[in-house]
S.K.: 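My questions all concern the structure below.
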Amino acid sequence: SAEVALEPAAGRIIPASVRVYAAQPFTIMAVAKMHKLDVVSTYVPGRNGVPFLAAQNIDVDVTAPFGKGAKSHTEVRFRPL
């Protein structure tokens, strides 16, 4: 599933954030189970009003046989070149 939040910037409408997520748990290759997958990308106006990816937050929760599952939270910040 996905959600997009829009906002006006420099006379244009740009995405403020985009969220891609698993609406419900699902299995991977019939052995692992993804309990949570949530990726939120945050955008800011860049040069000439073009959206620039400023940050991304990722949450993952997976279980697998023999205790091989994991939970992870990753935050990434970007800056223009």
S.K.: Can F26 be reached from I58 by stepping across I, L, V, M, F, W or Y side chains whose heavy atoms are under 4.5 Å apart?
M.R.: yes

S.K.: Taking all heavy atoms of Q56 and all of R77, pick out the closest pair and write down the distance.
M.R.: N-NH1, 4.3 Å

S.K.: Same cluster or not: are V20 and V4 linked, directly or through other Ile, Leu, Val, Met, Phe, Trp or Tyr residues, by side-chain heavy atoms under 4.5 angstrom apart?
M.R.: yes

S.K.: Once you round to the nearest 0.5 Å, how far does OG of S1 lie from CG of L37?
M.R.: 10.5 Å

S.K.: Taking T63 as the fixed residue, which of H35, K68, K33 is the one that meets the side chain to side chain donor-acceptor pair (under 3.5 Å) rule?
M.R.: H35

S.K.: Just verifying a value: how many Å separate D38 CG and N57 CG, rounded to the nearest 0.5 Å?
M.R.: 9.0 Å

S.K.: Using 0.5 Å steps for rounding, measure from the NE2 atom of H73 to the CG atom of D59.
M.R.: 5.5 Å

S.K.: Mark yes when over 12 heavy atoms from residues, nucleotides or ligands other than R47 sit less than 6.0 Å from its CZ; otherwise mark no.
M.R.: no

S.K.: Search all heavy atoms of P15 against all heavy atoms of L6 and return the closest pair with its distance.
M.R.: CA-CD2, 3.8 Å

S.K.: Return the minimal non-hydrogen interatomic distance between L53 and S41, and the atom names on each side.
M.R.: CD1-CB, 3.7 Å

S.K.: Hydrophobic cluster membership, with links at side-chain heavy-atom distances under 4.5 Å among I/L/V/M/F/W/Y: are Y43 and V76 in one?
M.R.: yes

S.K.: Measure the CZ-CD1 distance between F52 and I14 for me, rounded to the nearest 0.5 Å.
M.R.: 11.5 Å

S.K.: In this structure, are over 12 heavy atoms from other groups packed under 6.0 Å from Q24 atom CD?
M.R.: no

S.K.: When clusters are formed by joining ILVMFWY residues with side-chain heavy atoms under 4.5 Å apart, either directly or through shared neighbours, do M29 and V62 land in the same one?
M.R.: yes

S.K.: Side-chain heavy atoms under 4.5 angstrom apart, residues restricted to Ile, Leu, Val, Met, Phe, Trp, Tyr: same cluster for V18 and F78?
M.R.: yes

S.K.: Distance check, rounded to the nearest 0.5 Å: D61 atom CG versus M34 atom CE?
M.R.: 8.5 Å

